[in-house]
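This report concerns only the one structure given below.
Below, read A as the first sequence line, B as the second, and so on, with proteins coming before strands; counting in each chain starts at 1.
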Number of protein chains: 2
Amino acid sequence: MSDESTANKEARPRDRLRMADLAVLAGVSAITVSRALRDSSLVRPDVRERIKQLAETHGYKFSSAARNLRLMRTHSIAVVIDIDPSDERPMGDPVILAALGGMMQEITKARYRIVLTTSEQIRSAAHPDADGIILLGQGAHEDAVLQLARFDVPIVVWGSAEGHVGPGVVVGSDNEAGGVLIGRRFAETGRRGILYLGDESHPEVAARVRGVRQGLPPGAKLTVVPCTFSASAGREALASRLGGERTFDAVAACSDLVAIGALDALKAGGFAVPGDVAVIGFDDSPIAATAAIPLTTVRQDWNAAGRLLARKMLTWLGGEEPTPEVIPVSLVARLSA
Amino acid sequence: MSDESTANKEARPRDRLRMADLAVLAGVSAITVSRALRDSSLVRPDVRERIKQLAETHGYKFSSAARNLRLMRTHSIAVVIDIDPSDERPMGDPVILAALGGMMQEITKARYRIVLTTSEQIRSAAHPDADGIILLGQGAHEDAVLQLARFDVPIVVWGSAEGHVGPGVVVGSDNEAGGVLIGRRFAETGRRGILYLGDESHPEVAARVRGVRQGLPPGAKLTVVPCTFSASAGREALASRLGGERTFDAVAACSDLVAIGALDALKAGGFAVPGDVAVIGFDDSPIAATAAIPLTTVRQDWNAAGRLLARKMLTWLGGEEPTPEVIPVSLVARLSA
DNA sequence: GACTAGTGCGCCCTTATCGTA
DNA sequence: CTACGATAAGGGCGCACTAGT
């Protein structure tokens, strides 16, 4: 009965309103609708308002897919974190969540979106599907950045600015200053033999160790014991040093989790904290305050860090290459040192 | 001299290879390239392979923006979490990170992407810009779901299945069973006066309270003290009950953080744990194990929860409406009860 | 001629539908 | 039935241009 193809062409039953449809309703062209909805000054304010009203009343839905295709941008920023359940670290790093929170504040304010990814996933992808990449986490070594450089998008990295030569802009805590705070604290409390629990091949840890050394008085002795970022690693690293005669009276750890492990080992060995041995952590994660012996630690403001990382990225996406930046840290004195 | 528009048409200098270009190189049509790259059986295996090779050697980059527009899908799933730095709760909830990790495993495996959002942002958006929404967090009340229902996309919610009538599929811990575990533990250790710290208007908390009551012996007395999900709330709620004569010998909290606050208040009041008062938390977050008095608590497997939430959503996106599901919980006995 | 307010056209790239050999 | 192709969306926006001051 009805000529369907013609009917479709004449008045195709579209389930979705486009700008073109709105344009007909408003008696203007589609591009004017486009501009009106973006508050372009090329459209008279009254026309703009009328079009917006129309869009509202007709339940118009903007298609970001179409915009993304046209502009060849995704309006999203990839955030790379490694949440590996088999690894002990991430669960104990609520700080990452704080950083995510900070990033969300800034990124959503700029009308961008955060796409969560793992380094493994993004590395194996042909395409980042994002306008920029923010790299987070302790594992963010140089090689990770290099791998990602093949995507032609801005990269902002959390890490240690020193010694960074590759692509990408680095934002990080002032690790060396944090180390100095630790060294001074030990100096003030008369400690002479210090054990540092952490992996010096990690640039951030290396900077902290340097700082500790600076903060310590001339006569003090500093020994670095290699150790990853988990509580069990801290426990084992310290336990290995508790046999025989104790040659240290202070322990600094590369994270609060490691410090908690050290606390365990000391307790098991029958040592008093801070009486026999003082302990200082790093991060001021929530577990620091609630530990059996409330942990003295170096506070990194992860929320601020997240915000800053995001702002750097947004600056870059705005066309201006940002500068690296260092975030100050502070000592939180509790009972352990 | 040169007719620019014609020149553009004849041999426009394109910086990006399209399927159409690949088609010319392979001597086939664009649609065949499309099918070949998607492993369609409509293309002969040898042709398929040849086209894939070609794509590889010429550095072809697939445009997901174009696919998204054509298919009217985003291939991404919005995950709504509230990380509000002004709020005390989220920082103490590293469990959320574990859930995110679980979701990432499943979602990236399915070649979807996770878009992080806050409830505020998505509520004010005209459009979710995602094929589905996963709602996470303690604040996921019914009204939040209703607000999101106006988007015409699948919603999967973390929460309490009981009493849920609105749209969306609910996945949650077996809160009532968790409560029973708590009640039994108190029963076994001879506790008679129980204080429950939590907000019963919250469906999950209500279910736990019911469970506790079931697990308790007939003579025991249970009192619910309203309290939000933060450590300070726990501290204050308990402190308010410590004046005058103590009428309880056990405390159950709606989260480990709240339990930590209660522990603080008890310590300040000079009570021994678990001697005078036993304390049980909920979640088994990292702070439970490292607390001053290692916390007995009910473990929820957040990684598994995240994976399940994601799978439910993927099932739905695959065209089949999933069923609600309840995740088992277990008691982790430490020192506090 | 310079400015304002607005338009027509084509392109971004992929894929469902229908058609053909 | 198998393997492939031509066509037409999908929706927004840059570009080059014009009508009217």
Would you kindly give the [atom1]-to-[atom2] distance between [X] and [N], to the nearest whole Å?
X: Asp39(B); N: dA3(D); atom1: CG; atom2: C1'; result: 16 Å
X: Asn68(B); N: dG11(D); atom1: CG; atom2: C1'; result: 13 Å
X: Leu69(B); N: dC12(C); atom1: CG; atom2: P; result: 14 Å
X: Ile51(B); N: dA3(D); atom1: CD1; atom2: C1'; result: 12 Å

Between [X] and [N], is there a contact of a side-chain N or O with OP1 or OP2 at under 4.0 Å?
X: Thr32(A); N: dA5(C); result: no
X: Ser34(A); N: dC13(D); result: yes
X: Ser63(B); N: dC13(C); result: no

Check this for me, if you would: do [X] and [Y] make a salt bridge, where the nitrogen-to-carboxylate-oxygen distance has to be below 4.0 angstrom?
X: Asp21(A); Y: Arg16(A); result: no
X: Arg123(B); Y: Glu120(B); result: no
X: Asp131(A); Y: Arg113(A); result: no

Have Ser34(A) and Arg38(A) got a donor and an acceptor in their side chains that come within less than 3.5 Å? yes
Within the 3.5 Å criterion, strictly below it, is a donor on Thr74(B) or Asn68(B) matched to an acceptor on the partner's side chain? no
Please tabulate the protein-to-nucleotide N/O contacts below 3.5 Å involving nucleotides 16-21 of chain C, giving atom names and distances.
residue, atom, partner, partner atom, Å
dA16(C), OP2, Arg38(B), NH1, 3.4

Touch class at under 4.0 angstrom, heavy-atom based, for Ser40(A) against every strand present: nothing
Indicate, with a heavy-atom threshold strictly under 4.0 Å, whether Val47(B) touches base, sugar-phosphate, or nothing. sugar-phosphate
Kindly indicate, with the supporting measurements, whether the criterion side-chain hydrogen bond (donor to acceptor under 3.5 Å, both in side chains) is fulfilled by Asp129(A) and Ser64(B). CA-CA 8 Å; Asp129(A) 252 342; Ser64(B) 33; 2.6 Å; yes
Counting heavy atoms from C-beta on, name the nucleotide in dC13(D), dT15(C), dC13(C) closest to the side chain of Phe62(A). dC13(D)
